[in-house]
Each structure stands twice: as structure tokens, then as C-alpha cells.
Amino acid sequence: MTRDEIQAQSLEKIKKLSVWMIVGYAVIVVAAILGITSFTVARYDNVLKDKVSDMTSTLNVQLKLNLDSYLDRMESTGTLAYSVDNAYTYDATDASNDEYEAINTEKQISDDLMSLCLMENFVDYGIVYSNNHTVGKVSNGTTQLFGDNLYTDLSGMITRERTHDGWYTGYGNDYERIYYVKRIHENAVFLISFYTSELEKVFDNPETLSDMSIRLTDSSYKMIYSSVKDDKLGSEMPADVMKNIKDKETAAAIDGKNLTTVNQSNGDWYVICSIPTKIILKEANKMRVIIYVVAFLSAVVAVAAGAFFIRRIADPVQTITSSISSELREDGFEGILSNRFFRDKCTSIVPKTNTACCRGLVLIDIDNYSDILTKISREEADKQLAKMLIVIKEAFPDADAVGRMGENTFNVMTSAAELDVDTFQIELDRACNEVLNKFKEVADTNTMGTLTITASIGAAIYPVAGKSYQEMFDTAYTALAASQKAGSGKYTIA
């Protein structure tokens, strides 16, 4: 490699360095902004989730307190039944009861009980005796649902030993009613029931969490109440809601689908609130878009500013490298070396060629080039130059170097071939003929005439013509002069 080539490559590397500086700066800026943006978005998401989780947990506790308060009020209303005359002492199963007195006593108890439940929307408010006899307001729906097991199964609903009472729902897979049963005496129980739809007043959902689902389940997680329209009472809770809070009395959990909170009421029921994670992050998604847009614009501005300053700093280097690069290629022909670099390259490779091999130096000159300029146009001249390069590359596809000596003269250094001189000359004859035949054409002039455009070639063969570039060039140049002297469209191989 020649000194000039080394210098040119070094300056080209400096030129490319400014581009890599811009790319590196851009990568650093984008990576930094992306990292900060991602951290900010993730942190914002977590803060938002925590706030909604706290809000949901607080609301769940409040709903649980509301439910306990509502059930306590129902129990208090039931306790008033003890104030009814004879309710606590009368036993309809006593065979010694006088029939007439029994009728009057039961009417008095029934009337008093009815007066107590007028203010509440009860389905049932009465006393059931061990012989399934009822006093007060006991609906036909309840008697038909329980049948002959009315007293027995109601007694089985008493689960709290200390207060001798209990809450129950889902009897006969009927989750439309909630029952409260309290022991009156050993042969009678007091019954209250109301529709589960009454719980809508208890589970009032605030507007700020309108997308939240509120459900009440029994101890086996079957739904007693649900604010979700498509939920069926008595069915199991959705698995995606249950998986994080099952068997927990109090909990708050969040995953990719839902934020779920649970609290156990005094009746061993569960108040479960859930809200889809995508709803929680709806506001975060909007903010994320804004953050990313601002980050993108900031990155663009930072990269543009950095590129501007780096370019300004690199201007002196660009000037030097541009002048050197112009020597590598002339008139915009890619891969075509200037005469100086063609000479330097060939000076380097010719002496290294094995003397058992052959290579050729070919000089090609476009004949009557001045006539093309004056009689046709500059555009036609440029067209012929471009055409010549195409023809050269087709005739010498494996050339080690192709250069331009002058305005209309090109030089080609063929690759080394392990052939004897005679065989190589035959190949070189073929290539020279191909160049002349493909390039030759007749063009119209601007004087209503025609002009035959041809080329002349002079060639020298290594090592016959010499073992250095200069020796080969001198021989080829002499051969080119001989071709031009013999007439246009000729070639000579020395």
C-alpha cells in the first residue's frame, strides 16, 4: 500500500469518525432518555396502583362495616320480637293448649309481629314451631321451599352458640333470599328473611370507582350479591378474581388482570371488590403516551443539537478528506481511480507479480472526442464516457484497477493469470476487440450529419514489456500512439 493510499485511508477514517461520534452521541442520549422515561412510567404506574389499592381497600372495609351494620340492624329488629306478649312463653306444640285461647294468643302475637315489621321490607318475620306451625309473617314461598323440614332446617341455620342465632342463604340453591334465625325457646325459632336485592342499598358504589365490581359471597365463595350484571347468584366466583384472595379473611392483591380486595364480615361472608388492572392504568396509559412523546421530542432536539455541533467541529477535517477523496474518484465515476492513485497502486502490485504469470496494462482513448463536444454536445460526451466504463468492466471484469488518465483516456491493469505469453495475448486480443466493437457507434451531429465514434487501444504485457509499471506504461503508451497513427478504431499490443 502506497503512502498516499495510507494517508487517504487515515483521513477517511477521521471523516467517518465524525459520523460515529454523532451515532454514539445519539445512542447515549436515546438510551439515557429511554431509561429515565421507563423508570418514570414504571414508578408512576406503581404509585397509581398503590393509591387505587388503598382507595379500594378503604372502600372494601367501609362496605364490610355497612354490611355488618345492616345485619346488626336486622338482628336488633328481630330482638324486638321478644317484647311481644306471649311470644317468648307460648308454645304451639303444647297439647294442653285450649284451642280457643291458642287462636286468640296466636292472633295477638301475629298482630304485634306485623306491627314491628311494617317499617322493613321483610319477606318473612314470624315464629316457626317444632311441629312446623307458624305465627306471624311466614311467606308461602318459604314454606314451599322448606316443606316438611321447615323447623328442622331452620334450626340447623343457628350457628352461633353464644347468641343462639345465625345467618344463612342458598337453601335449596336459592340465593335470592337471606335468612336470619334465632332461638325463641326449645320448640320455636324466630325467622327473618329479605331479598338479596336489598343489599344494593348497602353496597353503594361511589362514582370515582364506578368500574369496580362488588360481590358478597358465602363461606364457600358462592355469590350472594353481585354488582356485575351478568353474574348469576349462587355461582362460583370468577377464577381470575379468586386466585389471589382465596382463604384470606383480609387481603389486597394485584396482578396483570385485577386489583382485588377482600374482608370477612361478622356473618362469615366475604365482601370482595375487584377492578380490572387495565382500568386502573387507563389514566397511566394516557400519561405514558404524553411522557413518551415529550421524551421523543427531547431526544430529537438533543440529537439534532449534538449533530450540529459535532459537524461544526468536524468541518476542517471534512475539508481535508473531501479534497483527498476527490483524487480517488473523478467526475463521480464510482470505483474509477484518478491517474495518480492508479499509478501508485500499479507501481505497488506489478513488482509483486510472479514472473511465471502474465498481466496486461491497457490504455484506451476515445477518438475524435473534441468532435463529440463541438458537433454534438457535452451531454453526449459524458454519455460516451459512461458507456466506455461499462464496456471496460464487461471486457475486463476481474481487473485489479481501472483508472482515468485524462478527459477521454482510461487505463486498465488486468489481474495476473497463470498463462504463457501467447495464450494471454490471445485473451487480451479478444478483450480489446470486445471494447472496440461494443463502443463503436454512429451518432447524429448538430449539423445534420453523422459522426462515427470509436476508440483506440494500446496494450503492454508483463513481463515481456517490462517488470515495472513505468516500463509497461511506456510500452503501452507507444502502442496507443501507433494505434492512433494507424487510424481510428484500432488496437496495438506490444
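Atoms considered below: every heavy atom in the structure, side chains included; atoms not considered: hydrogens, waters and symmetry mates. The first residue in the sequence is number 1, and the count goes up from there.
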Quiz item: Is the Tyr225-Phe203 ring centre distance short of 6.0 angstrom?
Solution: yes
Self-check item: Exam field: side chain Ser83 to backbone Leu80, donor-acceptor pair closer than 3.5 Å
Solution: yes
Self-check item: Pairwise distance CG(Asp218) to CD1(Ile224) - rounded to 0.5 angstrom
Solution: 5.0 Å
Practice problem: Measure across Ala92 and Glu106 and return the closest heavy-atom pair with its distance rounded to 0.1 Å. | Solution: CB-OE2, 4.0 Å
Quiz item: Can you pull the salt bridge (Lys or Arg N to Asp or Glu O under 4.0 Å) pairs that have at least one residue in residues 180-201, sequence neighbours excluded?
Solution: Glu198-Lys201
Quiz prompt | Any donor-acceptor pair under 3.5 Å from Thr196 side chain to Arg177 backbone | solution = no
Quiz item: Going through the checks in order, is the side chain to side chain contact (heavy atoms under 4.5 Å, CB included) test met by Met212 and Ser227?
Solution: CA-CA 9 Å; Met212 184 177 67; Ser227 64; over 6 Å; no
Practice problem: I would like to know whether Asn86 and Thr89 meet side chain to side chain contact (heavy atoms under 4.5 Å, CB included); could you show each step before the answer? | Solution: CA-CA 5 Å; Asn86 300 317; Thr89 57; 4.0 Å; yes
Quiz item: When you look at Thr142 and Leu191, which way does the side chain to side chain contact (heavy atoms under 4.5 Å, CB included) test go after all the steps?
Solution: CA-CA 10 Å; Thr142 298; Leu191 169 66; 4.2 Å; yes
Exercise. For the residue pair Tyr168 and Tyr171, categorise the inter-ring angle as parallel (less than 30°), tilted (30 to 60°) or perpendicular (more than 60°).
Key: perpendicular
Exercise. Start with the C-alpha distance between Thr250 and Asn263, add both sets of side-chain angles, then the distance that settles side chain to side chain donor-acceptor pair (under 3.5 Å), and finish with yes or no.
Key: CA-CA 5 Å; Thr250 301; Asn263 273 287; 3.3 Å; yes
Quiz item: Atom CD1 of Ile33 and atom OG1 of Thr40: how far apart are they, to the nearest 0.5 Å?
Solution: 11.5 Å
Quiz item: Just by modelled atom types, is the Ser130 backbone N or O under 3.5 Å from a matching donor or acceptor in the Asn187 side chain?
Solution: no
Quiz item: Stepwise, does the side chain to side chain contact (heavy atoms under 4.5 Å, CB included) test hold for Thr77 with Leu116?
Solution: CA-CA 8 Å; Thr77 305; Leu116 291 175; 5.8 Å; no
Exercise. Take the angle between the ring planes of Trp269 and Trp167 and call it parallel below 30°, perpendicular above 60°, tilted in between.
Key: perpendicular
Quiz item: Quick one: are the ring centres of Phe396 and Phe410 less than 6.0 Å apart?
Solution: no
Exercise. Using atom types as modelled and distance alone, determine if a side-chain donor or acceptor of Asn60 lies under 3.5 Å from a backbone N or O of Val271.
Key: yes
Quiz item: Considering the options Tyr129, Tyr125, Tyr180, which one meets the ring pair (Phe, Tyr, Trp, His ring centres under 6.0 Å) requirement together with Phe190?
Solution: Tyr125
Practice problem: Heavy atoms only: give me the nearest Arg215-Ser274 pair and the separation to one decimal. | Solution: NH1-OG, 3.4 Å
Quiz item: For Tyr292, does the OH atom have more than 12 heavy-atom neighbours from other residues, nucleotides or ligands under 6.0 Å away?
Solution: yes
Quiz item: What is the distance from atom OG of Ser197 to atom CD1 of Ile178, rounded to the nearest 0.5 Å?
Solution: 9.5 Å
Quiz item: His133 versus Tyr151: any side-chain heavy-atom pair under 4.5 Å?
Solution: no
Quiz item: Are any non-hydrogen side-chain atoms of Lys345 and Met413 less than 4.5 angstrom apart?
Solution: no
Quiz prompt | Interatomic distance, Ile272 atom CD1 to Thr260 atom OG1 [nearest 0.5 angstrom] | solution = 8.5 Å
Self-check item: Heavy atoms from other residues, nucleotides or ligands near CG of Asp94 exceed 12 (cutoff 6.0 Å)
Solution: yes
Quiz item: Counting only N and O atoms by type, is there a donor-acceptor contact under 3.5 Å from the side chain of Asp124 to the main-chain atoms of Ser139?
Solution: yes
Quiz prompt | Output field: ring centroids Phe194/Tyr179 closer than 6.0 Å | solution = no
Quiz prompt | Ser69 side chain to Leu65 backbone, donor-acceptor under 3.5 Å | solution = no
Practice problem: Kindly indicate, with the supporting measurements, whether the criterion salt bridge (charged side-chain N to carboxylate O under 4.0 Å, His left out) is fulfilled by Glu434 and Arg430. | Solution: CA-CA 6 Å; Glu434 181 180 348; Arg430 179 198 58 76; 3.1 Å; yes
Quiz item: Could you walk me through whether Thr353 and Arg359 pass the side chain to side chain donor-acceptor pair (under 3.5 Å) check?
Solution: CA-CA 8 Å; Thr353 306; Arg359 68 163 70 238; 2.9 Å; yes
Quiz item: Is the backbone N or O of His185 less than 3.5 Å from a side-chain atom of His164, with the two atoms forming a donor-acceptor pair by type?
Solution: no
Practice problem: Measure the CG-CZ distance between Leu389 and Phe439 for me, rounded to the nearest 0.5 Å. | Solution: 10.0 Å
Self-check item: Minimal non-hydrogen separation, Phe342 against Val402, with atom names
Solution: CD1-C, 3.9 Å
Quiz item: Which residue, Asp85, Asn104, Val84, forms the side chain to side chain contact (heavy atoms under 4.5 Å, CB included) with Ile109?
Solution: Val84
Quiz prompt | Polar side-chain atom of Ser298 near backbone of Val294 as donor-acceptor pair, under 3.5 Å | solution = yes
Quiz item: In Å, rounded to the nearest 0.5 Å, how long is the span from SG of Cys273 to CG of Leu63?
Solution: 5.0 Å
Exercise. Check whether any side-chain N or O of Thr277 sits under 3.5 Å from a backbone N or O of Asn258 as a donor-acceptor pair, and report yes or no.
Key: yes
Quiz prompt | Sequence neighbours excluded, every pair satisfying salt bridge (Lys or Arg N to Asp or Glu O under 4.0 Å) that has a member inside residues 238-261 | solution = Lys243-Asp255
Quiz item: Which residue, Asn339, Leu337, Leu385, forms the side chain to side chain contact (heavy atoms under 4.5 Å, CB included) with Arg404?
Solution: Leu385
Quiz item: Passes side chain to side chain donor-acceptor pair (under 3.5 Å), Asp112 versus Gln108? Steps please.
Solution: CA-CA 6 Å; Asp112 290 343; Gln108 173 260 317; 2.6 Å; yes
